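Letters go in sequence order (proteins before strands), and every chain restarts at 1. Basis for what follows: all heavy atoms, side chains included, without hydrogens, waters or symmetry-related copies. This one's a predicted model, so the numbers in the text were calculated from it and none came from an experiment.
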2 protein chains.
Amino acid sequence: MSSDSNSSIQQIPEPTLRRLPLYHQLLSEKHSEGAKNISCTEISNILGFTAIQIRKDLAYTGAVGRSKTGYNVKELLYILEDILGYTKTKDALIVGAGNLGLALMGYDGFKNYGLNIVAAFDTDPQKTGKLFHGKAVFDISELEKLAKEKGIKIGILTVPSAFAQETADLMVNAGIKAIWNFAPVKINVPDDVLVQHENLASSLAVLSHKLDNLTSVQRNE
Amino acid sequence: MSSDSNSSIQQIPEPTLRRLPLYHQLLSEKHSEGAKNISCTEISNILGFTAIQIRKDLAYTGAVGRSKTGYNVKELLYILEDILGYTKTKDALIVGAGNLGLALMGYDGFKNYGLNIVAAFDTDPQKTGKLFHGKAVFDISELEKLAKEKGIKIGILTVPSAFAQETADLMVNAGIKAIWNFAPVKINVPDDVLVQHENLASSLAVLSHKLDNLTSVQRNE
DNA sequence: TCCTTATCGATATTTATTTATCGATATCAT
DNA sequence: ATGATATCGATAAATAAATATCGATAAGGA
Ligand SMILES: NC(=O)c1ccc[n+]([C@@H]2O[C@H](COP(=O)([O-])OP(=O)(O)OC[C@H]3O[C@@H](n4cnc5c(N)ncnc54)[C@H](O)[C@@H]3O)[C@@H](O)[C@H]2O)c1
Ligand SMILES: NC(=O)c1ccc[n+]([C@@H]2O[C@H](COP(=O)([O-])OP(=O)(O)OC[C@H]3O[C@@H](n4cnc5c(N)ncnc54)[C@H](O)[C@@H]3O)[C@@H](O)[C@H]2O)c1
């Protein structure tokens, strides 16, 4: 039964999955404004995707709407929170308490997404043994012990690129099963560990490229 | 002629565009190691994409390889740098000198990507009038003047979600043509302004979802 | 009550992206 | 020099995603 519900989740396409948080954000806004129902047309007008695409995305979640009225806001919100894992909090740790690592550690928003950053780790004695945003930074040597003790499965990697691979190796040894990698390099891990690359350079490439086209189009008008 | 070269750039698919920085990073590593040539097979072994996909991606850049030897590393590196805009530096400004904004402001890596963050802006008197990472934080009232003076076209938006729309409006008024939005809300801008949404919630959704599947698969084995 | 209309949900079509095939060619070993 | 092989580049096929179509239905007004 639990494997059934999971295999149905599995087949949500990644593009859809990436849009679900946007629907969730909008829904929670609408809910707090007291809206009872919402249609794909209305979501479309606000978020800019086509109503057809939104209807298809929501179909993947199993949400059921009603003709003419659309979806029940509260119900859809719960469905999204469930699928997105916002209801069951997951612990995570950070390795690399630098500019980015500390920013993420201090980010309040994660608790809305069911992510609880427990602590950070670093090699720099200037960083370790201190509290940042109320959370402790430990020496990297404590990583394995704490991760195993607390059964932490998610690791956020924010060390300089040169140390990314060795840090990933430490995380794997510590029992981490999912690495959110902010270093702009590929890291290798065993098959049973997953890596989510968060590469700002990729986004910047898209931005910069679109901007180039925008300005060149304007020059030719 | 310039419109020709641009329209050919325009048709690079976004998935390809997002992979180009990864190729670039690998190429620059190989180049500094003294490698003269590199094949798609070799890139494939390192980055994990199929050689076929890599060959197709590189075809979009106009790079030409040689049978048996592959591509000239230096040549390919230059082509990628050109397409990715790493050679001509673009100025940018940040609005919202908080945790994330300051981390981005202090990020050295951007200079490799041709992005030069000139200054930041904030409303908080605790932040304004100071230097962070050697760069000034000005009051938001200075935004329009400085942006127009320096002809800055790229704005990085790192204010709390509640202020994202009004900040975007200020940026548009200041002549900003591309907004890199880190707030997890949709912002509306005129047609001639582009927005690149950087939504960590989307990435986290993918990560968390894959992790769910991974653990449920392991339970069922 | 009946008609009009907005919406959903299922299915079909189109478009985009990835993956496969295959001939041509350059390199290397014999 | 010859043959084996790795690779590219062009083209084709397969897969994935976005978009369109259309019948069914629920709401609201005539
Ligand atoms: N700062 C940004 O805005 C930004 C943006 C995109 C990507 N990144 C990437 O994120 C990573 C971190 O960037 P940053 O700006 O925070 O750098 P940073 O130098 O400010 O922080 C890196 C931290 O990692 C620690 N560290 C170094 N080696 C370590 C090791 N082996 N084990 C544990 N800790 C170690 C350092 O002591 C430091 O505290 C880099 O890979 C960078 O490319 C940063
Ligand atoms: N910190 C993170 O790791 C992180 C991660 C993902 C997304 N974000 C998003 O990035 C944004 C910033 O996050 P943060 O953690 O840096 O928040 P923060 O509170 O640390 O910083 C926000 C900054 O914006 C300034 N500000 C507020 N209103 C402003 C206005 N109208 N004009 C100019 N400046 C204004 C504040 O004074 C503050 O300095 C938020 O939207 C957040 O959701 C942050």
Side-chain angles (χ1 to χ4, degrees), chain A residues 7-20 22-23 26-27 30 35-76 79-80 202 205-206 209-210 213, chain B residues 7-20 22-23 26-27 30 35-77 79-80 197 202 205-206 209-210 213:
Chain A
S7 62
S8 70
I9 289 174
Q10 185 159 25
Q11 65 206 17
I12 299 181
E14 185 165 323
T16 293
L17 205 46
R18 298 190 69 91
R19 286 186 293 267
L20 296 187
L22 312 183
Y23 303 144
L26 176 61
L27 266 286
K30 288 289 167 187
K36 290 280 170 288
N37 297 295
I38 194 165
S39 70
C40 292
T41 316
E42 190 179 350
I43 299 177
S44 169
N45 289 335
I46 299 169
L47 294 184
F49 308 121
T50 70
I52 298 162
Q53 182 171 55
I54 295 163
R55 194 170 301 124
K56 195 151 199 197
D57 284 346
L58 296 183
Y60 283 114
T61 69
V64 175
R66 286 167 64 81
S67 296
K68 192 82 178 188
T69 41
Y71 302 83
N72 181 281
V73 170
K74 200 191 271 188
E75 191 182 308
L76 185 51
I79 290 177
L80 288 173
S202 292
V206 175
H209 191 262
K210 285 186 186 164
N213 290 333
Chain B
S7 62
S8 70
I9 289 174
Q10 185 159 25
Q11 66 205 19
I12 299 182
E14 186 166 320
T16 293
L17 205 46
R18 299 191 69 93
R19 286 187 292 267
L20 295 187
L22 311 183
Y23 303 144
L26 175 62
L27 267 285
K30 287 290 167 187
K36 290 280 170 285
N37 297 295
I38 194 165
S39 71
C40 291
T41 315
E42 190 179 351
I43 299 176
S44 170
N45 288 335
I46 299 168
L47 295 183
F49 309 121
T50 69
I52 298 162
Q53 182 171 56
I54 294 163
R55 194 170 301 124
K56 193 144 203 202
D57 284 345
L58 296 183
Y60 282 113
T61 70
V64 175
R66 286 167 64 82
S67 297
K68 191 82 181 192
T69 42
Y71 302 84
N72 181 281
V73 169
K74 199 191 272 188
E75 192 183 308
L76 184 50
L77 197 54
I79 290 179
L80 288 172
H197 286 274
S202 292
V206 176
H209 191 262
K210 285 185 186 164
N213 290 333

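We find that CG of A/L17 is positioned 11 Å from P of D/dA17, with the value rounded to whole Å. With rounding to whole Å, A/N37 atom CG is found 15 Å from D/dG28 atom C1'. B/R18 has its CZ atom 16 Å from the C1' atom of C/dA16, to the nearest Å. We find that CG of B/L76 is positioned 11 Å from P of D/dC8, with the value rounded to whole Å. Atom-to-atom, CD1 of B/I12 to P of C/dT17 comes out at 12 Å; the value is rounded to the nearest Å.
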Requested in this report: Determine, step by step, whether A/T16 and A/R19 satisfy the side chain to side chain contact (heavy atoms under 4.5 Å, CB included) criterion, reporting the C-alpha distance in whole Å, the side-chain angles of both residues, the deciding distance to 0.1 Å, and the verdict.
Outcome: CA-CA 5 Å; A/T16 293; A/R19 286 186 293 267; 3.6 Å; yes

Query raised in the report: side chain to side chain contact (heavy atoms under 4.5 Å, CB included) between A/Y71 and A/E42: does it pass, once the steps are laid out?
Result: CA-CA 11 Å; A/Y71 302 83; A/E42 190 179 350; over 6 Å; no

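Looking only at side-chain heavy atoms (C-beta outward), A/L47 and A/Y23 come within less than 4.5 Å of each other. Counting heavy atoms from C-beta outward, B/L76 and B/K30 have side chains that stay 4.5 Å or more apart. At a threshold of 4.5 Å between non-hydrogen side-chain atoms, the residues B/L77 and B/L80 do not count as touching. Contact annotation: the side chain of B/H209 never approaches that of B/V206 to less than 4.5 Å [non-hydrogen atoms, C-beta and beyond]. Residues A/F49 and A/L22 are in side-chain contact: their nearest non-hydrogen atoms beyond the backbone lie under 4.5 Å apart.
Proximity of A/Y71 to the phosphate of C/dG9: a side-chain N or O atom is located under 4.0 Å from OP1 or OP2.
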Report summary line: 5' to 3', nucleotides 24-30 of chain C under a 4.0 Å protein heavy-atom cut-off (B base, S sugar-phosphate only, - none) gives BBBB---

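For A/R18, the side chain to side chain donor-acceptor pair (under 3.5 Å) partners are B/S203, not counting sequence neighbours.
Across residues 41-57 of chain A, A/T50, A/I52, A/Q53, A/K56 each have a non-hydrogen atom less than 4.0 Å from an atom of DNA chain D (numbered order).
Nearest to the side-chain atoms of B/V64 among the listed nucleotides D/dG9, C/dG9, C/dT7 stands D/dG9.
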